[in-house]
Peer 1: 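Mind looking over this structure? Questions follow.
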Amino acid sequence: MRYDFDTPINRRNTNSLKWDIAENELPMWVADMDFVAAPEIREAIRARADHGVFGYSVIPEEWNQAYIGWWQRRHGFTIDKDWLVFCTGVVPAISSIVRKLTTPAEKVLIQTPVYNIFFNSILNNGRQVLESGLKYNDGKYEIDFDDLEQKLADPQTSLMILCNPHNPVGKIWDKDTLAKIGELCLKHHVVVLSDEIHCDLTDPGKEYIPFASVSEDCRENSVTCIAPTKAFNMAGLQTSAVMIPNPVLRHKVWRALNTDEVAEPNAFAIDATIAAFTKGDGWLDELRRYIFENKKRTVEFIEAELPQISVVPSEATYLLWLDCSKMAGTAAQAAGYIRQKTGLYLSGGSQYGSGGESFMRLNIACPRSTLEDGLARLRDGILFYEEYVKNND
(Lines give C-alpha, C1' and ligand atoms only; values in the text may rest on other atoms or scores of the structure.)
Protein backbone atom coordinates (compact mmCIF):
# COMPACT_ATOMS: atom_id res chain seq x y z
CA MET A 1 0.00 0.00 0.00
CA ARG A 2 1.15 3.53 -0.78
CA TYR A 3 -0.53 5.04 2.27
CA ASP A 4 -0.17 4.03 5.92
CA PHE A 5 -3.39 3.19 7.75
CA ASP A 6 -1.78 0.80 10.24
CA THR A 7 0.18 3.20 12.45
CA PRO A 8 -1.87 4.33 15.47
CA ILE A 9 -1.99 8.10 16.00
CA ASN A 10 -2.16 9.47 19.54
CA ARG A 11 -5.10 11.87 19.45
CA ARG A 12 -5.33 12.55 23.16
CA ASN A 13 -4.77 16.12 24.34
CA THR A 14 -5.70 17.51 20.91
CA ASN A 15 -9.15 18.83 21.88
CA SER A 16 -10.69 15.88 20.07
CA LEU A 17 -14.40 15.31 20.61
CA LYS A 18 -13.80 11.60 20.11
CA TRP A 19 -10.71 11.20 22.30
CA ASP A 20 -11.37 13.66 25.14
CA ILE A 21 -12.24 10.77 27.44
CA ALA A 22 -10.78 8.76 30.32
CA GLU A 23 -7.28 7.34 29.84
CA ASN A 24 -8.42 3.70 29.85
CA GLU A 25 -11.26 4.25 27.35
CA LEU A 26 -11.32 3.36 23.65
CA PRO A 27 -13.79 5.47 21.62
CA MET A 28 -15.43 3.69 18.69
CA TRP A 29 -18.62 5.72 18.51
CA VAL A 30 -18.68 9.10 16.68
CA ALA A 31 -18.16 9.09 12.88
CA ASP A 32 -14.56 10.32 12.97
CA MET A 33 -11.69 8.25 11.55
CA ASP A 34 -8.42 7.62 13.38
CA PHE A 35 -6.33 8.01 10.23
CA VAL A 36 -4.03 10.85 9.21
CA ALA A 37 -5.50 12.84 6.35
CA ALA A 38 -4.16 12.26 2.84
CA PRO A 39 -0.70 13.82 2.35
CA GLU A 40 -2.06 15.79 -0.62
CA ILE A 41 -4.55 17.50 1.70
CA ARG A 42 -1.96 18.14 4.39
CA GLU A 43 0.38 19.67 1.82
CA ALA A 44 -2.37 22.04 0.64
CA ILE A 45 -3.08 23.11 4.22
CA ARG A 46 0.63 23.51 4.92
CA ALA A 47 1.08 25.73 1.89
CA ARG A 48 -1.86 27.87 2.93
CA ALA A 49 -0.55 28.10 6.50
CA ASP A 50 2.92 29.08 5.28
CA HIS A 51 1.41 32.08 3.51
CA GLY A 52 0.66 33.40 6.96
CA VAL A 53 -2.27 35.72 6.24
CA PHE A 54 -5.71 34.36 7.10
CA GLY A 55 -8.20 36.98 6.03
CA TYR A 56 -11.69 36.56 4.65
CA SER A 57 -11.96 33.98 1.88
CA VAL A 58 -14.06 33.80 -1.29
CA ILE A 59 -15.18 30.80 -3.34
CA PRO A 60 -12.97 30.41 -6.43
CA GLU A 61 -13.95 28.68 -9.64
CA GLU A 62 -11.52 25.87 -8.77
CA TRP A 63 -13.79 24.89 -5.88
CA ASN A 64 -16.77 24.39 -8.20
CA GLN A 65 -14.68 22.48 -10.70
CA ALA A 66 -13.30 20.19 -7.98
CA TYR A 67 -16.83 19.09 -7.04
CA ILE A 68 -17.92 18.84 -10.68
CA GLY A 69 -14.89 16.76 -11.65
CA TRP A 70 -15.19 14.43 -8.69
CA TRP A 71 -18.89 13.67 -9.17
CA GLN A 72 -18.41 13.16 -12.91
CA ARG A 73 -15.35 10.97 -12.47
CA ARG A 74 -16.38 8.99 -9.41
CA HIS A 75 -20.18 8.91 -9.65
CA GLY A 76 -21.03 9.49 -13.31
CA PHE A 77 -23.18 12.53 -12.52
CA THR A 78 -22.80 15.92 -14.18
CA ILE A 79 -23.24 18.88 -11.83
CA ASP A 80 -23.74 22.38 -13.18
CA LYS A 81 -21.53 24.87 -11.35
CA ASP A 82 -24.52 27.12 -10.68
CA TRP A 83 -26.11 24.35 -8.61
CA LEU A 84 -23.43 24.53 -5.90
CA VAL A 85 -23.51 26.69 -2.78
CA PHE A 86 -20.79 26.60 -0.12
CA CYS A 87 -21.72 25.81 3.49
CA THR A 88 -19.60 25.30 6.60
CA GLY A 89 -20.99 21.80 7.13
CA VAL A 90 -23.73 19.36 6.28
CA VAL A 91 -25.44 19.62 9.68
CA PRO A 92 -25.54 23.46 9.61
CA ALA A 93 -26.95 23.18 6.08
CA ILE A 94 -29.65 20.72 7.15
CA SER A 95 -30.72 22.89 10.07
CA SER A 96 -30.76 26.01 7.92
CA ILE A 97 -32.79 24.28 5.19
CA VAL A 98 -35.29 22.93 7.73
CA ARG A 99 -35.85 26.49 8.95
CA LYS A 100 -36.24 27.88 5.43
CA LEU A 101 -38.32 25.21 3.68
CA THR A 102 -40.72 24.43 6.55
CA THR A 103 -42.67 26.45 9.08
CA PRO A 104 -42.90 25.90 12.85
CA ALA A 105 -44.94 22.82 13.86
CA GLU A 106 -44.81 21.31 10.38
CA LYS A 107 -43.56 17.74 10.06
CA VAL A 108 -40.21 16.58 8.70
CA LEU A 109 -40.10 12.92 7.74
CA ILE A 110 -37.09 10.72 8.48
CA GLN A 111 -36.58 6.97 8.01
CA THR A 112 -35.54 5.41 11.29
CA PRO A 113 -33.22 4.13 12.56
CA VAL A 114 -31.23 7.04 11.17
CA TYR A 115 -28.46 9.53 12.00
CA ASN A 116 -29.43 10.93 15.38
CA ILE A 117 -28.56 14.57 14.64
CA PHE A 118 -31.48 14.73 12.20
CA PHE A 119 -33.69 14.78 15.29
CA ASN A 120 -31.80 17.82 16.62
CA SER A 121 -32.11 19.72 13.35
CA ILE A 122 -35.86 19.17 13.38
CA LEU A 123 -36.79 19.50 17.04
CA ASN A 124 -34.44 22.37 17.89
CA ASN A 125 -36.13 24.41 15.17
CA GLY A 126 -39.65 23.87 16.42
CA ARG A 127 -40.69 21.30 13.82
CA GLN A 128 -42.16 17.84 14.41
CA VAL A 129 -40.28 14.61 13.74
CA LEU A 130 -42.30 12.17 11.66
CA GLU A 131 -40.73 8.71 11.66
CA SER A 132 -41.29 6.20 8.88
CA GLY A 133 -39.55 3.11 10.18
CA LEU A 134 -37.52 0.92 7.86
CA LYS A 135 -38.56 -2.73 7.63
CA TYR A 136 -35.99 -5.13 9.06
CA ASN A 137 -36.22 -8.78 8.05
CA ASP A 138 -33.57 -11.51 8.07
CA GLY A 139 -30.79 -9.00 8.65
CA LYS A 140 -31.82 -6.72 5.77
CA TYR A 141 -33.43 -3.30 5.64
CA GLU A 142 -35.94 -2.01 3.12
CA ILE A 143 -38.45 0.82 2.91
CA ASP A 144 -42.04 0.36 3.99
CA PHE A 145 -43.57 2.25 1.08
CA ASP A 146 -47.13 1.94 2.34
CA ASP A 147 -46.16 3.65 5.58
CA LEU A 148 -43.99 6.16 3.75
CA GLU A 149 -46.77 7.27 1.42
CA GLN A 150 -49.30 7.49 4.22
CA LYS A 151 -47.01 9.87 6.11
CA LEU A 152 -45.99 11.87 3.06
CA ALA A 153 -49.70 12.41 2.35
CA ASP A 154 -50.14 14.19 5.68
CA PRO A 155 -50.71 17.87 4.71
CA GLN A 156 -48.41 18.88 7.57
CA THR A 157 -45.46 16.98 6.07
CA SER A 158 -43.42 19.40 3.99
CA LEU A 159 -39.88 17.98 3.96
CA MET A 160 -38.26 14.53 3.91
CA ILE A 161 -34.64 14.05 4.96
CA LEU A 162 -33.16 11.13 3.03
CA CYS A 163 -29.94 9.46 4.19
CA ASN A 164 -28.17 8.18 1.06
CA PRO A 165 -26.25 5.94 1.79
CA HIS A 166 -28.09 5.23 5.01
CA ASN A 167 -26.39 5.75 8.37
CA PRO A 168 -26.35 3.66 10.59
CA VAL A 169 -27.50 0.58 8.64
CA GLY A 170 -24.92 0.87 5.83
CA LYS A 171 -27.51 0.58 3.07
CA ILE A 172 -27.00 1.89 -0.48
CA TRP A 173 -30.42 2.73 -1.91
CA ASP A 174 -30.85 1.45 -5.48
CA LYS A 175 -32.17 3.50 -8.39
CA ASP A 176 -35.70 2.05 -8.34
CA THR A 177 -36.05 2.77 -4.63
CA LEU A 178 -34.84 6.34 -5.03
CA ALA A 179 -37.11 6.85 -8.02
CA LYS A 180 -40.14 5.70 -6.02
CA ILE A 181 -39.23 8.03 -3.16
CA GLY A 182 -38.96 10.88 -5.65
CA GLU A 183 -42.28 10.04 -7.24
CA LEU A 184 -44.13 9.89 -3.91
CA CYS A 185 -42.57 13.10 -2.60
CA LEU A 186 -43.48 15.03 -5.74
CA LYS A 187 -47.02 13.61 -5.66
CA HIS A 188 -47.51 14.83 -2.09
CA HIS A 189 -45.64 18.15 -2.45
CA VAL A 190 -42.79 17.17 -0.13
CA VAL A 191 -39.26 18.40 -0.88
CA VAL A 192 -36.44 15.87 -0.49
CA LEU A 193 -33.32 16.89 1.43
CA SER A 194 -30.73 14.21 0.63
CA ASP A 195 -27.77 13.85 2.99
CA GLU A 196 -25.07 12.17 0.88
CA ILE A 197 -22.05 12.83 3.09
CA HIS A 198 -21.14 9.10 3.27
CA CYS A 199 -21.40 8.59 -0.51
CA ASP A 200 -17.67 8.09 -1.11
CA LEU A 201 -17.30 5.47 1.62
CA THR A 202 -18.80 2.53 -0.24
CA ASP A 203 -17.25 -0.93 -0.27
CA PRO A 204 -14.87 -1.64 -3.18
CA GLY A 205 -16.95 -2.46 -6.25
CA LYS A 206 -20.05 -0.79 -4.80
CA GLU A 207 -21.37 2.55 -6.04
CA TYR A 208 -23.97 4.91 -4.64
CA ILE A 209 -26.53 6.70 -6.79
CA PRO A 210 -26.98 10.48 -6.33
CA PHE A 211 -30.67 11.13 -5.66
CA ALA A 212 -30.70 14.04 -8.12
CA SER A 213 -29.38 11.80 -10.91
CA VAL A 214 -32.32 9.39 -10.88
CA SER A 215 -34.95 11.42 -12.76
CA GLU A 216 -36.04 14.92 -13.62
CA ASP A 217 -38.57 14.78 -10.78
CA CYS A 218 -35.87 13.82 -8.29
CA ARG A 219 -33.54 16.52 -9.59
CA GLU A 220 -36.07 19.35 -9.54
CA ASN A 221 -37.63 18.50 -6.18
CA SER A 222 -34.48 18.01 -4.11
CA VAL A 223 -31.66 19.63 -2.21
CA THR A 224 -28.49 17.56 -1.72
CA CYS A 225 -25.78 17.98 0.90
CA ILE A 226 -22.30 16.75 -0.11
CA ALA A 227 -18.80 17.17 1.32
CA PRO A 228 -15.28 15.77 1.43
CA THR A 229 -15.27 15.78 5.21
CA LYS A 230 -16.43 12.25 6.01
CA ALA A 231 -14.47 10.42 3.32
CA PHE A 232 -11.26 12.39 3.87
CA ASN A 233 -11.53 12.78 7.67
CA MET A 234 -11.52 16.57 7.73
CA ALA A 235 -14.76 17.47 9.53
CA GLY A 236 -12.88 19.95 11.70
CA LEU A 237 -12.15 22.09 8.63
CA GLN A 238 -15.87 22.89 8.29
CA THR A 239 -16.46 22.63 4.58
CA SER A 240 -19.32 21.28 2.46
CA ALA A 241 -21.56 22.08 -0.48
CA VAL A 242 -25.29 22.16 -1.03
CA MET A 243 -26.34 21.14 -4.53
CA ILE A 244 -29.70 22.50 -5.74
CA PRO A 245 -30.60 22.17 -9.45
CA ASN A 246 -34.00 23.88 -9.14
CA PRO A 247 -33.38 27.66 -9.32
CA VAL A 248 -36.34 28.54 -7.10
CA LEU A 249 -35.26 26.14 -4.36
CA ARG A 250 -31.65 27.24 -4.86
CA HIS A 251 -32.47 30.87 -4.19
CA LYS A 252 -34.31 29.92 -1.00
CA VAL A 253 -31.43 27.77 0.22
CA TRP A 254 -28.85 30.40 -0.73
CA ARG A 255 -30.78 32.99 1.25
CA ALA A 256 -31.09 30.62 4.21
CA LEU A 257 -27.37 29.83 4.36
CA ASN A 258 -26.41 33.49 4.08
CA THR A 259 -29.00 34.60 6.63
CA ASP A 260 -27.63 32.04 9.08
CA GLU A 261 -24.03 33.12 8.30
CA VAL A 262 -22.86 29.63 7.32
CA ALA A 263 -21.95 30.42 3.71
CA GLU A 264 -18.42 31.78 4.18
CA PRO A 265 -15.34 29.54 4.24
CA ASN A 266 -12.51 29.62 6.73
CA ALA A 267 -8.96 30.08 5.46
CA PHE A 268 -8.31 26.36 4.93
CA ALA A 269 -11.70 25.00 3.83
CA ILE A 270 -11.35 25.74 0.12
CA ASP A 271 -7.77 24.59 -0.45
CA ALA A 272 -8.35 21.35 1.47
CA THR A 273 -11.50 20.58 -0.53
CA ILE A 274 -9.81 21.22 -3.86
CA ALA A 275 -6.89 18.97 -2.89
CA ALA A 276 -9.22 16.17 -1.76
CA PHE A 277 -11.34 16.18 -4.89
CA THR A 278 -8.51 16.67 -7.40
CA LYS A 279 -5.71 14.59 -5.83
CA GLY A 280 -7.40 12.24 -3.35
CA ASP A 281 -8.51 9.32 -5.56
CA GLY A 282 -5.62 7.01 -4.73
CA TRP A 283 -5.78 7.63 -0.98
CA LEU A 284 -9.53 7.11 -0.88
CA ASP A 285 -9.39 3.87 -2.85
CA GLU A 286 -6.81 2.44 -0.44
CA LEU A 287 -8.86 3.65 2.53
CA ARG A 288 -11.98 1.91 1.21
CA ARG A 289 -10.07 -1.36 0.84
CA TYR A 290 -8.67 -1.02 4.36
CA ILE A 291 -12.09 -0.35 5.87
CA PHE A 292 -13.53 -3.29 3.91
CA GLU A 293 -10.89 -5.57 5.44
CA ASN A 294 -11.79 -4.20 8.88
CA LYS A 295 -15.43 -5.04 8.16
CA LYS A 296 -14.55 -8.60 7.20
CA ARG A 297 -12.40 -9.01 10.31
CA THR A 298 -15.20 -7.70 12.54
CA VAL A 299 -17.76 -10.09 11.05
CA GLU A 300 -15.34 -13.01 11.37
CA PHE A 301 -14.59 -12.18 15.01
CA ILE A 302 -18.21 -11.72 16.04
CA GLU A 303 -19.34 -14.91 14.32
CA ALA A 304 -16.63 -16.85 16.15
CA GLU A 305 -16.70 -15.16 19.55
CA LEU A 306 -20.15 -13.60 19.97
CA PRO A 307 -22.82 -15.71 18.25
CA GLN A 308 -25.51 -13.93 20.30
CA ILE A 309 -25.02 -10.78 18.22
CA SER A 310 -24.68 -10.28 14.48
CA VAL A 311 -23.42 -7.61 12.08
CA VAL A 312 -26.01 -6.19 9.70
CA PRO A 313 -24.58 -6.56 6.16
CA SER A 314 -23.04 -3.23 5.17
CA GLU A 315 -22.32 -1.77 1.73
CA ALA A 316 -21.25 1.71 2.80
CA THR A 317 -19.82 3.80 5.67
CA TYR A 318 -17.35 2.63 8.28
CA LEU A 319 -20.10 2.30 10.89
CA LEU A 320 -21.29 -1.22 11.65
CA TRP A 321 -24.78 -1.85 12.97
CA LEU A 322 -24.76 -4.66 15.52
CA ASP A 323 -27.96 -6.63 16.04
CA CYS A 324 -28.16 -7.48 19.74
CA SER A 325 -31.74 -8.78 19.77
CA LYS A 326 -30.63 -12.28 20.81
CA MET A 327 -28.37 -11.02 23.59
CA ALA A 328 -29.49 -11.11 27.21
CA GLY A 329 -30.62 -7.71 28.51
CA THR A 330 -30.94 -4.58 26.38
CA ALA A 331 -28.57 -2.94 23.91
CA ALA A 332 -28.95 0.48 25.51
CA GLN A 333 -27.99 -0.84 28.93
CA ALA A 334 -25.25 -3.00 27.45
CA ALA A 335 -23.52 -0.07 25.74
CA GLY A 336 -23.18 1.77 29.05
CA TYR A 337 -22.13 -1.36 30.91
CA ILE A 338 -19.47 -2.24 28.31
CA ARG A 339 -17.99 1.24 28.58
CA GLN A 340 -17.96 1.06 32.36
CA LYS A 341 -16.37 -2.40 32.49
CA THR A 342 -13.97 -2.38 29.53
CA GLY A 343 -13.61 1.25 28.45
CA LEU A 344 -15.01 0.51 24.98
CA TYR A 345 -17.20 3.46 24.01
CA LEU A 346 -19.75 2.73 21.30
CA SER A 347 -23.22 4.04 20.51
CA GLY A 348 -26.49 2.62 21.80
CA GLY A 349 -28.97 2.17 18.96
CA SER A 350 -31.96 3.79 20.67
CA GLN A 351 -30.60 7.27 19.91
CA TYR A 352 -31.22 6.60 16.20
CA GLY A 353 -34.98 6.45 16.66
CA SER A 354 -37.56 3.68 16.61
CA GLY A 355 -36.20 0.38 15.39
CA GLY A 356 -32.78 1.01 16.90
CA GLU A 357 -33.49 -0.20 20.41
CA SER A 358 -31.88 -3.65 19.94
CA PHE A 359 -28.73 -2.40 18.23
CA MET A 360 -25.35 -0.82 18.88
CA ARG A 361 -23.21 1.12 16.41
CA LEU A 362 -19.48 0.45 16.09
CA ASN A 363 -16.96 2.68 14.28
CA ILE A 364 -14.24 0.55 12.64
CA ALA A 365 -12.30 3.35 10.88
CA CYS A 366 -9.11 2.76 12.83
CA PRO A 367 -5.80 0.90 12.54
CA ARG A 368 -6.08 -2.88 12.64
CA SER A 369 -4.41 -3.07 16.05
CA THR A 370 -6.97 -0.66 17.48
CA LEU A 371 -9.77 -2.69 15.95
CA GLU A 372 -8.46 -5.90 17.56
CA ASP A 373 -8.34 -4.14 20.92
CA GLY A 374 -11.91 -2.92 20.45
CA LEU A 375 -13.21 -6.33 19.44
CA ALA A 376 -11.61 -7.98 22.45
CA ARG A 377 -13.20 -5.37 24.71
CA LEU A 378 -16.55 -5.89 22.97
CA ARG A 379 -16.39 -9.64 23.57
CA ASP A 380 -15.40 -9.24 27.23
CA GLY A 381 -17.94 -6.49 27.81
CA ILE A 382 -20.86 -8.45 26.41
CA LEU A 383 -19.91 -11.56 28.36
CA PHE A 384 -19.61 -9.47 31.53
CA TYR A 385 -22.95 -7.82 30.80
CA GLU A 386 -24.81 -11.08 30.16
CA GLU A 387 -23.44 -12.49 33.40
CA TYR A 388 -24.62 -9.35 35.17
CA VAL A 389 -28.11 -9.71 33.67
CA LYS A 390 -28.23 -13.37 34.64
CA ASN A 391 -27.26 -12.63 38.25
CA ASN A 392 -29.77 -9.79 38.56
CA ASP A 393 -32.71 -11.35 36.76
Side-chain angles (χ1 to χ4, degrees), residues 2-5 7 9-20 30-71 73-74 79 81 83-96 117 195-201 224-243 253-254 256-258 260-287 318 365:
R2 178 182 172 190
Y3 301 100
D4 178 13
F5 298 103
T7 302
I9 305 299
N10 183 2
R11 298 181 61 191
R12 294 184 184 276
N13 303 312
T14 61
N15 300 316
S16 166
L17 169 68
K18 184 177 183 181
W19 283 91
D20 189 12
V30 68
D32 175 334
M33 298 192 288
D34 288 326
F35 303 124
V36 172
E40 295 84 356
I41 295 172
R42 287 182 283 137
E43 177 56 36
I45 293 172
R46 190 179 298 113
R48 184 69 186 86
D50 286 345
H51 181 263
V53 181
F54 311 120
Y56 297 115
S57 298
V58 297
I59 312 296
E61 178 61 21
E62 290 84 355
W63 178 85
N64 292 278
Q65 292 304 320
Y67 272 96
I68 291 168
W70 184 267
W71 255 260
R73 186 170 72 252
R74 304 285 298 200
I79 296 174
K81 70 174 185 178
W83 298 354
L84 295 169
V85 181
F86 176 86
C87 186
T88 56
V90 167
V91 170
I94 291 172
S95 294
S96 187
I117 304 303
D195 176 0
E196 301 185 359
I197 195 170
H198 287 276
C199 68
D200 289 305
L201 291 166
T224 301
C225 295
I226 49 181
T229 50
K230 202 63 65 178
F232 290 97
N233 203 32
M234 44 191 263
L237 293 179
Q238 300 177 323
T239 181
S240 75
V242 186
M243 190 265 289
V253 171
W254 177 80
L257 299 179
N258 279 275
D260 292 341
E261 304 294 355
V262 291
E264 296 181 1
N266 66 57
F268 300 99
I270 299 301
D271 292 39
T273 296
I274 293 170
F277 285 151
T278 59
K279 301 177 181 179
D281 295 75
W283 185 90
L284 182 65
D285 288 339
E286 286 195 14
L287 170 76
Y318 49 73

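Values reported hereafter were calculated over all heavy atoms of this structure, with side chains retained and with hydrogens, waters and symmetry mates removed.
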Peer 1: Spell out, as yes or no, whether a donor-acceptor pair under 3.5 Å connects the side chain of Asn266 to the backbone of Leu237.
Peer 2: yes

Peer 1: To the nearest 0.5 Å, what is the distance between CD1 (Ile226) and OH (Tyr67)?
Peer 2: 6.0 Å

Peer 1: Which residues pass the side chain to side chain contact (heavy atoms under 4.5 Å, CB included) test with Asp285, not counting sequence neighbours?
Peer 2: Arg74, Arg288, Arg289

Peer 1: Look up atom CG in Asn64 and atom CD1 in Ile79, then write down how far apart they are to the nearest 0.5 Å.
Peer 2: 10.0 Å

Peer 1: Any non-hydrogen side-chain atom of Pro92 less than 4.5 Å from a side-chain atom of Cys87?
Peer 2: yes

Peer 1: With sequence neighbours excluded, what pairs up with Glu43 under the side chain to side chain donor-acceptor pair (under 3.5 Å) test?
Peer 2: Arg46

Peer 1: Should Thr229 and Ser240 count as side-chain neighbours, where that means a heavy-atom distance under 4.5 Å?
Peer 2: no

Peer 1: Suppose we screen for side chain to side chain donor-acceptor pair (under 3.5 Å). Which residues come up paired with Trp83, at least two apart in sequence or across chains?
Peer 2: none

Peer 1: Show me the donor-acceptor pairs within less than 3.5 Å that the side chains of residues 269-280 make with the rest of the protein, sequence neighbours left out.
Peer 2:
{"from": "Thr273", "atom 1": "OG1", "to": "Thr239", "atom 2": "OG1", "distance (Å)": "3.0"}
{"from": "Thr273", "atom 1": "OG1", "to": "Ala269", "atom 2": "O", "distance (Å)": "2.8"}
{"from": "Thr278", "atom 1": "OG1", "to": "Ile274", "atom 2": "O", "distance (Å)": "2.5"}

Peer 1: Go through the structure and list residues passing side chain to side chain donor-acceptor pair (under 3.5 Å) with Ser95, not counting sequence neighbours.
Peer 2: Ser121

Peer 1: Using side-chain heavy atoms (C-beta onward) and a distance below 4.5 Å, is Val90 in contact with Lys230?
Peer 2: no

Peer 1: Quick one: CG on Leu287 to CG on Asp200, what's the gap to the nearest 0.5 Å?
Peer 2: 10.5 Å

Peer 1: Please test Asp195 against Ile94 for side chain to side chain contact (heavy atoms under 4.5 Å, CB included), starting from the C-alpha separation and ending with a verdict.
Peer 2: CA-CA 8 Å; Asp195 176 0; Ile94 291 172; 4.1 Å; yes

Peer 1: Do other residues, nucleotides or ligands put more than 12 heavy atoms under 6.0 Å from the CG atom of Asn15?
Peer 2: no

Peer 1: Give a yes or no on this: more than 12 heavy atoms of other residues, nucleotides or ligands lie within 6.0 Å of atom CZ of Arg12.
Peer 2: yes

Peer 1: Which residues satisfy the side chain to side chain donor-acceptor pair (under 3.5 Å) test with Trp71, sequence neighbours excluded?
Peer 2: Tyr208

Peer 1: With sequence neighbours left out, which residue pairs that include part of residues 38-59 fulfil the ring-ring contact (aromatic ring centres under 6.0 Å, His included) condition?
Peer 2: Phe54-Phe268

Peer 1: side-chain hydrogen bond (donor to acceptor under 3.5 Å, both in side chains) between Trp19 and Asp34: does it pass, once the steps are laid out?
Peer 2: CA-CA 10 Å; Trp19 283 91; Asp34 288 326; 2.9 Å; yes

Peer 1: Would Asp32 and Arg11 pass as an ion pair if we require N to O under 4.0 Å?
Peer 2: yes

Peer 1: Counting only heavy atoms from other residues, nucleotides and ligands, does the tally under 6.0 Å from CD of Glu286 exceed 12?
Peer 2: yes

Peer 1: Distance from Trp63 atom CH2 to Ser57 atom OG, nearest 0.5 Å?
Peer 2: 13.0 Å

Peer 1: Can you list the residues that meet the side chain to side chain contact (heavy atoms under 4.5 Å, CB included) rule with Ala38, with sequence neighbours excluded?
Peer 2: Glu40, Ile41, Trp283

Peer 1: Who are the ring-ring contact (aromatic ring centres under 6.0 Å, His included) partners of Tyr318, not counting sequence neighbours?
Peer 2: none

Peer 1: If you compare all heavy atoms of Val58 against all heavy atoms of Pro265, which two are closest, and at what distance to 0.1 Å?
Peer 2: O-CG, 4.3 Å

Peer 1: Taking only residues two or more places apart in sequence, or in another chain, which ones meet Gln65 in a side chain to side chain contact (heavy atoms under 4.5 Å, CB included)?
Peer 2: Glu61, Ile68

Peer 1: If I compare all heavy atoms of Arg42 with all of Ala37, which pair ends up nearest, and what's the gap?
Peer 2: NE-O, 2.8 Å

Peer 1: Nearest 0.5 Å please: distance from the NZ atom of Lys18 over to the CE atom of Met33.
Peer 2: 9.5 Å

Peer 1: Holding to side chain to side chain contact (heavy atoms under 4.5 Å, CB included), I want the full list of residues that pass it with Ser96, two or more places apart in sequence or in another chain.
Peer 2: Arg99, Ala256, Leu257, Asp260

Peer 1: When rounded to the nearest 0.5 angstrom, what distance separates OG1 in Thr88 from CD in Gln238?
Peer 2: 6.0 Å

